[in-house]
Amino acid sequence: MTTLAPPITVPAGAPSMRDAFGRRIDYLRISVTDRCDLRCRYCMSETMRFLPRDELLTLDELADVADAFVARGVKRIRLTGGEPLSRRGLPDLARAIGRHIATGALDELTLTTNATKLADHAEALAAAGVRRINVSLDSLDPDRFRHITRTGDLAQVMTGIAAGKAAGIAIKINMVALKGFNEDEIVPMLLWCGEQGFELTLIETMPLGVVDEDRTDRYLPLDGVRRDLEQRFTLTPDAHRSGGPARYVRVAETGGRLGLITPLTDNFCEGCNRMRVTVQGRLTMCLGHADDVDLKQALRGGGRAALDAAIDEALFRKPERHHFEIAGRGAAPALARHMSVTGG
Ligand code: SAM
Ligand code: SF4
């Protein structure tokens, strides 16, 4: 087991951060690795090159980053990647961050995972204070699942999901809606999630990083999906806000909640409450902009004052909105940076 230094004790009720547009920033996503055991076609190319290990922040440094943000008023932290459960010692990091929940300084620690290794870690995550996780699942058909992930075993993922549920962790399924691939599975997925007591969030494919396919062919606008679903289900707007880009509806027939993330058909930047830290220690202010602030130098030489100054700089530079669009066929992606680097 990795031993992380005990975290600083942050008093509950730290003042919140505001960016230059007055938005309150209280949500941090930390990408703990850019590596992954799967190769989802919209996310990575088959020959994806990963960062050299010596460029990565250590678990202690990642815990220090979390401490600094909690001290600045961040209330929710999500661990992501790449595949976070591929990072050795991840449950120890979760435990270190989870201590802030016990003191009341942090409201929530969550995780986004492909669930291939969830069976091994669900209990430890629950014990660390993780109450909710997002699991990415684009198909309930084993052959299609293998196709979209290139290597994935659906049965292994289902075992992981069952272990998470058994550990008392609430599960939300993230499904990237892909034209001509899983359109016909949206209704079955909605029904399955209803049966399981899981929320479902549908996501439009975003133009991040070069992959082997042309995303133009797969882009499925969710406004049309919603109209189709309304033919069959009673959808009523739900006031629930996760503080993120999803808009929610209640599905009367399943009793469940459905989220729609539509970065391309809809702009959700006005209420943006988040920043992201990459595993190289780059603090990114917007998924749709290349700009970032280096935290690694501050972590390795400057101490807490330097870290705070870097966070202030990022708050000042956080842009008002993203400018995503799926450009024409064959065009370069909006950003060279893959989602697996910034974390979804
Ligand atoms: N490996 C974990 C997983 O798949 O849940 C966490 C990282 S993954 C990058 C986070 C989320 O980003 C997943 O739900 C995935 O489907 C989504 N994602 C990855 N690339 C995307 C893209 N280009 N457009 C939209 N969603 C994407
Ligand atoms: Fe891995 Fe998640 Fe990207 Fe799929 S979406 S390749 S599981 S990081």
Side-chain angles (χ1 to χ4, degrees), residues 29-51 78-87 90 110-118 121 132-139 145-154 156-157 160-161 164 171-179 181-182 189 199-222 242 244-246 259-265 268 274 276 278-279 284 287-288 322 324-327 332-344:
R29 291 194 173 201
I30 304 179
S31 176
V32 300
T33 177
D34 65 324
R35 287 162 198 261
C36 187
D37 52 332
L38 303 183
R39 294 284 183 281
C40 300
R41 288 171 189 269
Y42 49 79
C43 178
M44 292 188 185
S45 93
E46 194 159 14
T47 53
M48 186 80 183
R49 291 169 70 123
F50 297 107
L51 296 166
R78 178 176 293 279
L79 302 177
T80 177
E83 174 44 43
L85 295 177
S86 292
R87 176 91 193 230
L90 190 276
T110 54
L111 187 84
T112 303
T113 175
N114 63 27
T116 58
K117 298 182 177 66
L118 187 56
H121 299 300
R132 292 194 309 129
I133 56 175
N134 288 1
V135 174
S136 304
L137 182 61
D138 302 321
S139 175
F145 184 76
R146 161 115 348 163
H147 174 80
I148 193 71
T149 58
R150 292 197 180 96
T151 57
D153 173 3
L154 181 66
Q156 191 186 356
V157 169
I161 291 175
I171 291 173
K172 179 154 83 174
I173 301 294
N174 280 348
M175 178 184 190
V176 178
L178 299 162
K179 186 162 77 181
F181 177 72
N182 62 3
M189 187 69 88
E199 262 187 47
L200 173 66
T201 294
L202 300 174
I203 307 175
E204 286 176 351
T205 177
M206 293 178 230
L208 298 171
V210 174
V211 290
D212 304 325
E213 299 193 349
D214 193 328
R215 287 192 182 89
T216 325
D217 296 335
R218 293 281 177 222
Y219 170 55
L220 181 65
L222 290 182
S242 61
L260 300 152
I261 300 190
T262 55
L264 291 123
T265 52
F268 47 63
R274 62 196 53 196
R276 294 175 163 84
T278 74
V279 70
T284 67
L287 207 51
H322 74 68
F324 283 141
E325 54 182 300
I326 294 269
L335 270 189
R337 197 173 59 199
H338 289 81
M339 186 81 121
S340 53
V341 171
T342 30

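Both counts, for ligands and for their atoms, begin at 1 and track the order of listing.
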Student: Roughly how far, to the nearest 0.5 Å, is the CZ atom of Arg41 from the NE2 atom of His147?
Tutor: 4.0 Å
Student: Measure the spacing between CG of Leu154 and CG of Leu137 and express it to the nearest 0.5 Å.
Tutor: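 It comes to 6.5 Å.
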Student: Using a strict 4.0 Å cut-off to heavy atoms of Asn174, name the atoms of ligand 1 that fall inside it.
Tutor: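 What qualifies from ligand 1 is 14 (O).
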Student: Out of all atoms in ligand 2, which are within 4.0 Å of some heavy atom of Leu38? Include the element for each.
Tutor: 6 (S)
Student: Looking at ligand 1, is there an atom of it that comes within less than 4.0 Å of some heavy atom belonging to Glu204?
Tutor: yes
Student: With atoms numbered from 1 as shown, which atoms in ligand 2 lie under 4.0 angstrom from a non-hydrogen atom of Asn114?
Tutor: 7 (S)
Student: State the OG-CG distance between Ser86 and Asn114, to the nearest 0.5 angstrom.
Tutor: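 Atom-to-atom, Ser86:OG and Asn114:CG are 6.5 Å apart.
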Student: Which of the atoms in ligand 2, numbered in the order shown and given with their element, are less than 4.0 Å from a heavy-atom of Cys43?
Tutor: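 Once the distances to Cys43 are compared, the set is 3 (Fe), 5 (S), 6 (S).
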Student: Evaluate the criterion side-chain contact (heavy atoms from CB on, under 4.5 Å) for residue pair Leu220 and Glu204; output intermediate values, then yes/no.
Tutor: CA-CA 6 Å; Leu220 181 65; Glu204 286 176 351; over 6 Å; no
Student: For Ile148, which of Asn182, Val176, Asp138 qualifies under side-chain contact (heavy atoms from CB on, under 4.5 Å)?
Tutor: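 When Asn182, Val176, Asp138 are each tested with Ile148, the side-chain contact (heavy atoms from CB on, under 4.5 Å) holds only for Asp138.
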Student: Geometry only, no angles: is Tyr42 polar-contacting ligand 1 at N/O separations under 3.5 Å?
Tutor: yes
Student: Given Leu200 and Met189, is the side-chain contact (heavy atoms from CB on, under 4.5 Å) satisfied, shown in steps?
Tutor: CA-CA 8 Å; Leu200 173 66; Met189 187 69 88; 3.8 Å; yes
Student: Can you name the atoms of ligand 1, numbered from 1 with element, that are less than 4.0 Å from a heavy atom of Thr113?
Tutor: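 Per the distance check, 2 (C), 3 (C), 5 (O).
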Student: In Å, rounded to the nearest 0.5 Å, how long is the span from CG of Leu111 to OG1 of Thr80?
Tutor: 7.5 Å
Student: Looking at non-hydrogen atoms alone, which of Ser136, Cys36, Pro84 comes nearest to atom 3 (C) of ligand 1?
Tutor: Ser136
Student: Within a distance under 4.0 Å of any heavy atom of Cys43, pick out the atoms of ligand 1 and give their elements.
Tutor: 19 (C), 20 (N)
Student: At less than 4.0 angstrom from any non-hydrogen atom of Asn114, what atoms of ligand 1 do you find?
Tutor: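 Near Asn114, meaning under 4.0 Å from one of its heavy atoms, ligand 1 has 2 (C), 3 (C), 5 (O).
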Student: What part of Cys36, side chain from CB on, backbone N/CA/C/O, both or neither, has a heavy atom under 4.0 Å from ligand 2?
Tutor: side chain
Student: Decide yes or no on side-chain contact (heavy atoms from CB on, under 4.5 Å) for Asp37 and Lys117, but give the supporting numbers first.
Tutor: CA-CA 10 Å; Asp37 52 332; Lys117 298 182 177 66; 3.3 Å; yes
Student: Using a 4.0 Å heavy-atom threshold (strictly under), name the region of Asp138 that reaches ligand 1: side chain, backbone, both or neither.
Tutor: neither
Student: For Thr80 and ligand 1, does the shortest N/O to N/O distance drop below 3.5 Å?
Tutor: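 No, no N or O pair falls under 3.5 Å.
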Student: Could you tell me, atom by atom, which parts of ligand 2 come under 4.0 Å of a heavy atom of Gly82?
Tutor: 8 (S)
Student: Is it the side chain, the backbone, both or neither of Thr112 that has a heavy atom closer than 4.0 Å to ligand 1?
Tutor: both
Student: What do the steps show when you test Thr33 against Glu83 for side-chain hydrogen bond (donor to acceptor under 3.5 Å, both in side chains), and what is the final call?
Tutor: CA-CA 7 Å; Thr33 177; Glu83 174 44 43; over 6 Å; no
Student: With atoms numbered from 1 as shown, which atoms in ligand 1 lie under 4.0 angstrom from a non-hydrogen atom of Val176?
Tutor: 16 (O), 26 (N)
Student: In Å and rounded to the nearest 0.5 Å, what is the CG to OG1 distance from Leu85 to Thr112?
Tutor: 10.5 Å
Student: With respect to Gly82, determine whether any N or O atom, backbone or side chain, lies less than 3.5 Å from an N or O atom of ligand 1.
Tutor: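 Between Gly82 and ligand 1 (N or O atoms, distance only) the closest approach is under 3.5 Å.
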Student: Step by step, work out the side-chain contact (heavy atoms from CB on, under 4.5 Å) result for Asn134 and Arg78.
Tutor: CA-CA 10 Å; Asn134 288 1; Arg78 178 176 293 279; 3.4 Å; yes
